[in-house]
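Both backbone and side-chain heavy atoms feed into the values below; hydrogens, waters and symmetry mates do not. Every chain is numbered from 1, with letters handed out A, B, ... down the list of sequences.
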Amino acid sequence: MNAPAAEGRVTRYGPLQDSAAYDVVVIGAGVVGAGIARELARHRRVRVALVEASHDVGDGTSKANTAILHTGFDATPGTLEARLVREGHALLGAYAAECGIPVEPVGALLVAWDEDQLAALPGLAAKAARNGYEAARVVDADALYAREPHLGPGALGALAVPDESIICPFTTPLAYATQAVRAGVDLHLNSRLQHVTWAEGEGVGGHTLHTERGPLHARWLVNAAGLHADTVDRMLGRTTFTVTPRRGQLVVFDKPARALVHHILLPVPTALGKGVLVAPTVFGNVLLGPTAEDLHDKTATHSTEQGLSALHTQGARILPELLEEEVTTVYAGLRAATEEDDYRIDSWAEQRYVTVGGIRSTGLTASLAIAAHVTGLLAEAGLDLGTPTSLPPVRMPSLGERTQRPYQDPGRIAADPDYGRIVCHCERVTLGEIRDALGSTVPPASLEGLRRRTRARGGRCQGFHCGAALRDLFDGELS
Amino acid sequence: MVNGTGGTGEAGRALGRRVREVDVLIVGAGPAGLTAAEHLAAADCGTVEVLEREQQAGGVPRHCHHGGFGTPWTSGPRFAAARSRAATDAGAVVRTSTTVTGIPEARTVDVTGPDGLERITARALVLATGARERPRAARLVPGTRPAGILTTGELQQAVHLYGQYVGRRAVVVGTEPVAYAALDTLRRAGVTVVAQLTDLDRPQIPPLRAADARLRRTVPLLTRTTLTEVLGRGRLTGVRLRHADGRTTQVPCDTLVFTGDFVPEAELARGAGLRMDRATRGPLVDTAFRTDVPGVFAVGNVLHAAETAATAAAEGHTAAAAVRRLLAHEDRPHAFGPQLAVAPPLRWITPGRLPRDLPADDTQRFLVRAAEPLPARGGATLTVTQDGRTLHSERVRGPLRTGNSREISGSWVRDAALDGGPIHVTLAATRR
Ligand SMILES: Cc1cc2nc3c(=O)[nH]c(=O)nc-3n(C[C@H](O)[C@H](O)[C@H](O)COP(=O)(O)OP(=O)(O)OC[C@H]3O[C@@H](n4cnc5c(N)ncnc54)[C@H](O)[C@@H]3O)c2cc1C
Ligand SMILES: Cc1cc2nc3c(=O)[nH]c(=O)nc-3n(C[C@H](O)[C@H](O)[C@H](O)COP(=O)(O)OP(=O)(O)OC[C@H]3O[C@@H](n4cnc5c(N)ncnc54)[C@H](O)[C@@H]3O)c2cc1C
């Protein structure tokens, strides 16, 4: 086995020239795949590549969720998902603190709007307890309105889940990928996997991965292709599940709305997903959504007139004043639902293959626990990982509204005046931060990527003030 | 007072800030702020400082490379440069790349710039932060999120300030005056405009101007047409439209420009806890441009999104007089008279209330904005009443448009009861 290079490569263009086989290739650089690559990077003796179809990390479902760090209180007890969400909550909470990923422990309130829902709350608390979560409490209407004075009229009570938190969904996969690359993992972007063949090599044998940018060789393969996990599965001759995209549309309201809501306001769950919620974001906005629409098209990440009007109706009930605020963004994400109400993580030792499928609506939370679980499966299946080392910590840019941002930091500005030059005014992103992102380990490939790394152009004006200036900086970096 | 926009914990961050005092502090070096600065500096009001977050002073006209600014009629950049020079020549200090990030207490602002952080307290604070166009998301236009979607503000900067490539085929949304500025900019950038659309039944500019765009520039205008979906991944490939008769069509394009539908850039004012006007979405001011917080004024498009640069500048001038009066009688508490309210088809009126402690200024004009376009034919009568008493009534000639306001006389102000009830401004079709 090769000794891993000091730092991995990040490639976006040109043929993938690699004569030597990787020990493990992970397909899909969403929060799940990037998390797995990071975990594998702790094992210095294996040579790992992370292969992604898009031009950036976290560009699939991982960029379009509700950004909640779940406790798993409402999972189905006994499922793999229940365990990995519970473990992931603790792991990611600690990891976020170490890397500077913004997290706010705001807590959730499951609001009951009718007698049936109210009657369901004690059962939900009991279920939470079966999931190992003991802190959920039923609160009455008075206590609810005391906590959320702007809540629409008619709520009867709520289940308080104090440990539900909000987290930055963009920084999380980037932190994983950054740490993985720094520890030697190669990241190949723009490299969609098209088909897989098996070749008996010198003694070991392995997969030949035919990508858009040419072939790669891998002794072991991990499929973390999200919505396309079933497609990749079929490339390996497996047909264990089919992914049905379940779309969630969301509306983001401007920062003045943040004062209207203090907790994540969840509905009492129905058969179709978690329903519509109102939640603050770590950037100081407020989210309304998601819808839950079962579709066939895995590219249908567009919003619709019906979806937005349904959200409007529901939002008007939950938090009427919210609708008077300006909207900064509308987006939609697709949950990778399968036939079963659980994650679909399987390993085939003889094929040196692990599938990570059906990571539906909790994958951000569970990502580190999934990574540990998958690494365990690889070891069980016979991959010799050696002893794990701990990775040098990464420090991610501080994007959270409740943390000290560079524009507020006199020391940083004194050291480099570019941290005092605000380019994106709505989100107060400085020239220094934009330069840092453009020169980072996993640099952005588009203005959208720059936005996910810095918040630039992600605010209320959507580029009216800064769009052209940002493009100038971005294009300048490319030329 | 509340901390800066959405920022809790900002209070504890006074540490590391240079603490200073000035006499007059103006936020925003657009036409309104610069004109206020010029007249205050010329009147010897002590230190007058203007803070501007962009690298150049001048505000929006900086990137409006078309004629139509002020008298004499000139181009945006020239107008911006002239206002800026006038302010500096009069002795005002104009600091660029300097952003006001919050208003932790009345007349005190927190500032970020390349030289570090400051906390500046002024005897008078003037907010002149302007307005922006509503972008696609704020208009809740469904569809994908490709590149190639912009507002006129971004378009103009891309073309005129940075010489960037825009695209080949554009659809323009809106028919307010600014839409025609967008058409000009697109033409200069070599972009073909394949359609201009509005959900209203006529363009919101004078018919000659609209006809010029349609006939001479051959821009097809689609009225009573709604943009229902944005199409394309990566780059915009087209838009779906719905016409009045329910028909839908698809128009291929790689560029989509949202024009007009301005909103005040009022987050700073709101974050400061200033009383806001729900109708304009800007701070509520009286005819002396005083907000409800003593010593804090607001002028320009932050009050009325959006009017001409000349209107903004004129308000800067008027407000300068009110600031001077404040500086001369700083300890005098201020008092407000009745508020002004409108009913449909009017959308808002500004200034939104009368002063109580100042002599009635009947030279002051008001701006009213219609919620929907009103046709020229028939005419309408605008009536001002208070407690059932008619103070004023005037014939409104010509059509009312949604993209700009109508000026109404303030001659009735001296007849208003300053301790009376709210003043109602209504518009009704003139009976013949
Ligand atoms: C509306 C919504 C709300 C949600 N809210 C939450 C929440 O609050 N909290 C939470 O924890 N979770 C939430 N989730 C779930 C979470 O977002 C997902 O579980 C998680 O992002 C899944 O990550 P992933 O890496 O599996 O998938 P993805 O992010 O989709 O990554 C898969 C990657 O694989 C790549 N790929 C696919 N095919 C190929 C190929 N052939 N070759 C190479 N690469 C390929 C894709 O380009 C993609 O980048 C939500 C999801 C949705 C849709
Ligand atoms: C595309 C377009 C075309 C137009 N064409 C015409 C025309 O032909 N003729 C005409 O008369 N008018 C035109 N207008 C309108 C004209 O530009 C405005 O009336 C005028 O600029 C308003 O002046 P203002 O000072 O109120 O605001 P602005 O010009 O918007 O200036 C506000 C200034 O405040 C600054 N600022 C905001 N917040 C802060 C902060 N926190 N800290 C520091 N600085 C801050 C901004 O950077 C900006 O420079 C046009 C507008 C647009 C968008």
Side-chain angles (χ1 to χ4, degrees), chain A residues 249 251-252 254-259 283-285 299 301-309 312 324 326-332 401-404 406-411 413-414 417-422 425-426 428 430-431 446-448 460-469 471-472 475, chain B residues 2 5-10 13 15-18 53-55 63 97-99 101 110 112-117 132-145 147 149-162 164 228-231 233-234 263 265 267 270-271 278 281:
Chain A
Q249 304 184 40
V251 177
V252 184
D254 195 10
K255 297 186 175 185
R258 180 67 180 86
F283 315 118
N285 302 89
T299 65
T301 52
H302 57 275
S303 55
T304 65
E305 233 174 327
Q306 300 89 307
L308 298 180
S309 89
H312 191 275
E324 288 168 33
E326 293 288 326
V327 167
T328 58
T329 320
V330 170
Y331 64 91
E401 195 68 18
R402 301 279 156 119
T403 58
Q404 189 180 44
Y407 84 86
Q408 298 164 316
D409 187 340
I413 300 172
D418 279 355
Y419 292 111
R421 293 196 169 92
I422 298 180
H425 300 296
C426 303
R428 298 184 178 155
T430 63
L431 184 58
S446 65
L447 284 169
E448 285 296 286
R460 58 186 76 94
C461 92
Q462 294 283 305
F464 175 90
H465 296 299
C466 70
R471 210 171 116 194
D472 187 58
D475 292 349
Chain B
V2 195
T5 37
T8 48
E10 234 166 274
R13 298 198 186 124
L15 251 71
R17 291 186 180 274
R18 222 161 346 117
R53 62 193 186 180
E54 299 294 345
Q55 291 172 50
H63 53 75
S97 296
T98 303
T99 305
T101 58
D110 280 347
T112 290
D115 305 331
L117 306 182
R132 64 176 180 273
E133 290 167 293
R134 274 208 178 88
R136 178 260 177 111
R139 305 180 192 214
L140 293 175
V141 176
T144 55
R145 301 172 63 195
I149 304 181
L150 1 69
T151 47
T152 318
E154 181 175 359
L155 170 73
Q156 291 195 330
Q157 295 186 55
V159 173
H160 298 308
L161 301 187
Y162 294 98
Q164 290 164 353
T228 56
E229 192 178 350
V230 166
L231 307 167
R233 278 164 209 293
V263 266
E265 192 76 15
E267 289 67 26
R270 227 182 128 179
R278 282 175 71 122
R281 302 182 77 91

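A 4.5 Å side-chain heavy-atom check between B:Glu154 and A:Gln462 finds every atom pair outside the cut-off. Side chains of B:Arg145 and A:Thr329 form a contact here, defined as non-hydrogen atoms less than 4.5 Å apart. The shortest distance between side-chain heavy atoms of A:Phe464 and B:Glu133 falls below 4.5 Å. Within the 4.5 Å cutoff, the side chain of B:Thr101 has heavy atoms near those of the A:Ile422 side chain. Put simply, the side chain of A:His302 does not reach to within 4.5 Å of the side chain of B:Leu231, judged on heavy atoms. Contact check for B:Leu140 versus A:Val327: side-chain heavy atoms found under the 4.5 Å cut-off.
At a 4.5 Å heavy-atom cutoff, A:His312 makes no contact with chain B through either its backbone or its side chain. Neither the backbone nor the side chain of B:Val159 comes within contact range of chain A; no heavy atoms are under 4.5 Å apart. The contact between B:Ile149 and chain A is made entirely by backbone atoms, counting heavy-atom distances below 4.5 Å. Contact annotation for B:Arg281: only side-chain heavy atoms (C-beta onward) come within less than 4.5 Å of a heavy atom of chain A. Only the side chain of B:Thr151 comes within contact range of chain A, with at least one heavy atom under 4.5 Å from a heavy atom of that chain. Contact annotation for B:Thr144: both backbone and side-chain heavy atoms come within less than 4.5 Å of a heavy atom of chain A. Contact annotation for A:Thr304: only backbone heavy atoms (N, CA, C, O) come within less than 4.5 Å of a heavy atom of chain B. Interface remark: B:Gln157 contributes backbone and side-chain atoms alike to the contact with chain A (heavy atom separation under 4.5 Å). Proximity to chain B involves both the backbone and the side chain of A:Glu324, based on heavy atoms less than 4.5 angstrom apart. At a 4.5 Å heavy-atom cutoff, B:Gln55 makes no contact with chain A through either its backbone or its side chain.
In terms of non-hydrogen atom pairs under 4.5 Å with chain A, the most contact-rich of B:Gly153, B:Pro142, B:Ala147 is B:Pro142. Ranked by heavy-atom pairs shorter than 4.5 Å toward chain B, the options A:Ala469, A:Ala414, A:Ala257, A:Ala259 are led by A:Ala469. If you tally non-hydrogen atom pairs under 4.5 Å between each of B:Ser97, B:Gly234, B:Gly113 and chain A, the highest count goes to B:Gly113.
Minimum interatomic distance between A:Pro417 and B:Pro114 (heavy atoms only, all atoms of both residues): CB-O, 3.4 Å. The heavy-atom pair separating B:Ala137 from A:Thr328 by the smallest distance is CB-O, 3.4 Å. In terms of heavy-atom proximity, A:Ala468 sits nearest to B:Gln164 at O-NE2, 2.9 Å.
Using a cut-off of 4.0 Å between Lys/Arg side-chain N and Asp/Glu carboxylate O, B:Arg134 and A:Glu326 are scored as salt-bridged. Salt-bridge annotation for A:Lys255 and B:Glu267: absent, with no side-chain N of the basic residue lying under 4.0 Å from a carboxylate O of the acidic one.
A distance of 14.5 Å separates OH in A:Tyr419 from OG1 in B:Thr112, rounded to the nearest 0.5 Å. One finds the CD atom of B:Glu54 at 3.5 Å from the NE2 atom of A:His425 (value rounded to the nearest 0.5 Å). Here the straight-line distance linking atom OG1 of A:Thr299 with atom CZ of B:Arg233 works out to 4.5 Å at 0.5 Å rounding. Between A:Asp409 atom CG and B:Leu117 atom CG the span is 8.0 Å, to the nearest 0.5 Å. Rounded to the nearest 0.5 angstrom, A:Cys426 SG and B:Glu265 CD are separated by 5.5 Å. Between atom CZ of residue B:Arg132 and atom CZ of residue A:Arg460 there is a gap of 6.0 Å, rounded to the nearest 0.5 Å.
The backbone N or O of B:Gly143 sits less than 3.5 Å from a side-chain atom of A:Ser303, completing a donor-acceptor pair.
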